[in-house]
Asks: 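Structure incoming, see below.
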Amino acid sequence: MTNKDKKMEVLELFGVEMWPQEKIEAFRAALLSWYDIEKRDLPWRENHDPYRIWVSEIMLQQTRVETVIPYFLRFMELFPTIADLAAADEDMLLKAWEGLGYYSRVRNLQKAAIQIMEDYGGEMPKDPAEIRTLKGIGPYTAGAIASMAFQLPEPAVDGNIMRILSRLFEIDADIAKPGNRKVFEAVLREIIDPYRPGDFNQALMDLGSSICTPKNYHPENSPVKAFNQSYINETWEKYPVKSKKKKAQPVFYAGVLLRNEKGEFLLEKRPEKGLLANMWTFPLIERPDFEQQLFSNGKLKGTVPAAITDNIVSELDKKLTANYHISLVLMKRPLAEATHIFTHLKWTIAVYFGRVEKENSSELPASCKWVAPEDFQHYVFPGPQIKMWEAYQKKFKHKSSSF
DNA sequence: AAAACGGGGGA
DNA sequence: TCCCCAGTTTT
């Protein structure tokens with residue numbers, strides 16, 4: 001069986017009716033002439049530099065264009081070439097990414113830069129299959145680089161494109177199912193413009209961000225409405241078909257701000273694997289019982305019996321003393337709450353404050369440090385940490401002493 | 001195939 | 001406030 005037959009089989013399997021060649025060509029012309037007028041001016045579109053396109057595509061994963069632009073410009077100043085990226089200090093790299101989220105993206109970015117230095121003489125490979133082997137580059141990004149930097153007719157299927165294609169062709173495949181991506185790739189391979197594949201892919205992305213949006217969708221405004229099967233058939237409200245994901249699981253913590261006599265706070269570096277790897281937070285102690293004891297509907301209760309708060313403080317005290325070899329005085333009640341929602345977890349943190357009267361620095365775990373607030377800027381803080389610190393500052397903004 | 005992995009914008 | 005956005009790696 002030829003490749004052509006295989007592609008057609010996928011399309012048939014999902015009930016996709018491919019357009020005749022003339023319609024495909026008319027669609028390309030309509031889409032590209034719209035793009036030539038309406039395309040967004042973006043810093044990574046200034047040229048076809050594969051490095052710039054690559055970095056921008058990684059930043060744009062799960063992140064909006066407006067958010068990415070300042071990060072991208074700063075990143076290019078700090079690490080102008082693949083060689084600079086490969087040689088960069090990891091802390092500097094992470095700092096440059098701070099606030100963008102999904103921090104494994106930047107770690108993989110550097111791993112890939114090192115791969116490119118070692119295996120490809122510092123030049124991004126042109127073969128899509130080779131691009132695909134680089135760390136952090138999956139089918140979407142490989143297609144994006146191949147088409148935009150090297151003008152190869154490769155599909156780059158992201159959520160936007162699945163949404164657009166499902167509306168254009170009335171495709172019923174659930175776009176939430178990873179396995180269904182191949183349908184959209186097969187469709188895109190059929191219709192992609194062979195002369196301007198990079199522009200074609202980018203035109204679809206611009207269409208997805210401006211007109212073919214997830215919500216407030218008005219197909220009558222689309223430059224390609226004449227090709228839009230779901231618009232013609234008035235079925236467009238059905239597309240894309242997308243199953244729901246389950247919501248974030250709640251997790252409860254005590255987050256403890258510990259201040260020593262020098263005015264420094266105890267920071268702890270998270271493990272090098274897992275959530276928020278290698279980032280710094282105030283000590284966090286998981287407390288499943290807080291859901292009942294301290295919170296109602298995710299908010300701190302107004303009143304909590306003294307017997308309960310006393311018991312919690314005594315347990316926290318014991319744990320902190322054992323972990324950090326300090327002697328301390330904790331506030332009786334949390335001074336605030338901080339919440340942070342991840343894709344799969346919802347953290348609710350009761351923020352405590354404590355004064356440390358005696359510390360044994362020789363027994364402080366290697367992952368911990370006493371740091372003055374002026375020096376916080378040198379540490380990479382994830383969202384929950386920033387919220388804990390803001391909660392503390394808000395509480396004590398107008399007071400000189402602690403309690 | 002499903003879960004892990006952040007943060008921000010909009011209704 | 002809740003809901004939504006979505007690509008790659010790991011399990």
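Each chain gets a letter, A, B and so on, in the order the sequences are listed, and its residues count up from 1.
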Asks: Rounded to the nearest angstrom, tell me the gap between atom OH in A:Tyr217 and atom C1' in C:dC5.
Replies: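 Value for this atom pair: 18 Å.
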Asks: With DNA chain C as reference, determine whether A:Val157 or A:Lys346 sits nearer its 5' end, using the nearest nucleotide of each.
Replies: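 The 5'-side residue here is A:Lys346.
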Asks: For A:Lys369, does the NZ atom have more than 12 heavy-atom neighbours from other residues, nucleotides or ligands under 6.0 Å away?
Replies: no
Asks: So what does A:Ile137 hit on the nucleic acid, given a heavy-atom distance under 4.0 Å: a base, only sugar-phosphate, or nothing?
Replies: sugar-phosphate
Asks: Rounded to the nearest Å, what distance is computed from the NZ atom of residue A:Lys299 to the C1' atom of nucleotide C:dC2?
Replies: 14 Å
Asks: Could you check which nucleotide pairs with B:dG6 in any of the strands shown, counting Watson-Crick or G-U wobble with both distances under 3.5 Å?
Replies: none
Asks: Between A:Lys242 and C:dC4, is there a contact of a side-chain N or O with OP1 or OP2 at under 4.0 Å?
Replies: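 The answer is no; no side-chain N or O of A:Lys242 sits under 4.0 Å from OP1 or OP2.
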Asks: To the nearest Å, give me how far apart CD (A:Glu337) and C1' (C:dT1) are.
Replies: 13 Å
Asks: Strictly by modelled atom types, are A:Glu38 and A:Ser210 linked by a side-chain donor-acceptor pair under 3.5 Å?
Replies: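 Short answer, no.
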Asks: Suppose you measure atom P in B:dA11 against the same atom in C:dA6; what distance do you get, rounded to whole Å?
Replies: 15 Å
Asks: Surrounding CD of A:Glu77 (heavy atoms of other residues, nucleotides or ligands, distance under 6.0 Å), is the total greater than 12?
Replies: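 Not more than 12 within 6.0 Å, no.
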Asks: With a 4.0 Å cut-off on heavy atoms, is A:Lys273 in touch with a base, just the backbone sugar-phosphate, or nothing at all?
Replies: nothing
Asks: Verify the ring-centre separation between A:Phe381 and A:Trp389: is it less than 6.0 angstrom?
Replies: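 Ring centroids of A:Trp389 and A:Phe381 are no less than 6.0 Å from each other.
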Asks: Give the residues of residues 158-165 of chain A touching DNA chain B, defined as any heavy atom closer than 4.0 Å, sorted by residue number.
Replies: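 Output list: empty, so none.
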Asks: Round to a whole Å and report the spacing from CG of A:Leu134 to P of C:dG7.
Replies: 19 Å
Asks: Looking at A:Gln115 and A:Thr133, what are the two nearest heavy atoms and their distance?
Replies: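 It is NE2-O, 3.4 Å.
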Asks: Please work out which of the three classes, parallel, tilted or perpendicular, describes the rings of A:Trp19 and A:Phe227, given edges at 30° and 60°.
Replies: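 Ring orientation of A:Phe227 relative to A:Trp19: tilted.
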Asks: Calculate the interatomic distance between A:Trp54 atom CH2 and C:dG7 atom P; express it in whole Å.
Replies: 19 Å
Asks: Using atom CG of A:Leu60 as one end and atom P of C:dT8 as the other, report the distance to the nearest whole Å.
Replies: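 Going from A:Leu60 (CG) to C:dT8 (P), I get 12 Å.
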Asks: Please state the P separation for the pair B:dC5 and C:dC3 - nearest whole angstrom.
Replies: 22 Å
Asks: Any ion pair linking A:Arg45 and A:Asp206 (charged N to carboxylate O, less than 4.0 Å)?
Replies: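 Salt bridge between A:Asp206 and A:Arg45, a charged N being under 4.0 Å from a carboxylate O: yes.
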Asks: Determine the interatomic distance between P on C:dT11 and the same-named atom on B:dG6; round to the nearest Å.
Replies: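 Pairwise P distance, C:dT11 against B:dG6, rounds to 14 Å.
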Asks: Quick one, give me the B/S/- string for nucleotides 6-11 of chain B, reading 5' to 3', where B means a protein heavy atom under 4.0 Å from the base and S means that only happens at the primed atoms, P, OP1 or OP2.
Replies: BBBS-S
Asks: Between A:Tyr102 and A:Trp97, is the gap from one ring center to the other below 6.0 Å?
Replies: no
Asks: Let me know the distance between NE2 of A:His344 and C1' of B:dA2, rounded to the nearest Å.
Replies: 13 Å
Asks: Quickly work out the A:Arg132 CZ to C:dG7 P distance and round it to whole Å.
Replies: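 Distance check: A:Arg132 CZ to C:dG7 P gives 13 Å.
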Asks: Measure the acute angle between the ring planes of A:Phe282 and A:Phe376, then classify it against the limits of 30° and 60° as parallel, tilted or perpendicular.
Replies: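 Perpendicular.
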Asks: Among A:Ser147, A:Pro194, A:Pro128, find the residue that satisfies the side chain to side chain contact (heavy atoms under 4.5 Å, CB included) test when tested with A:Leu152.
Replies: A:Pro128
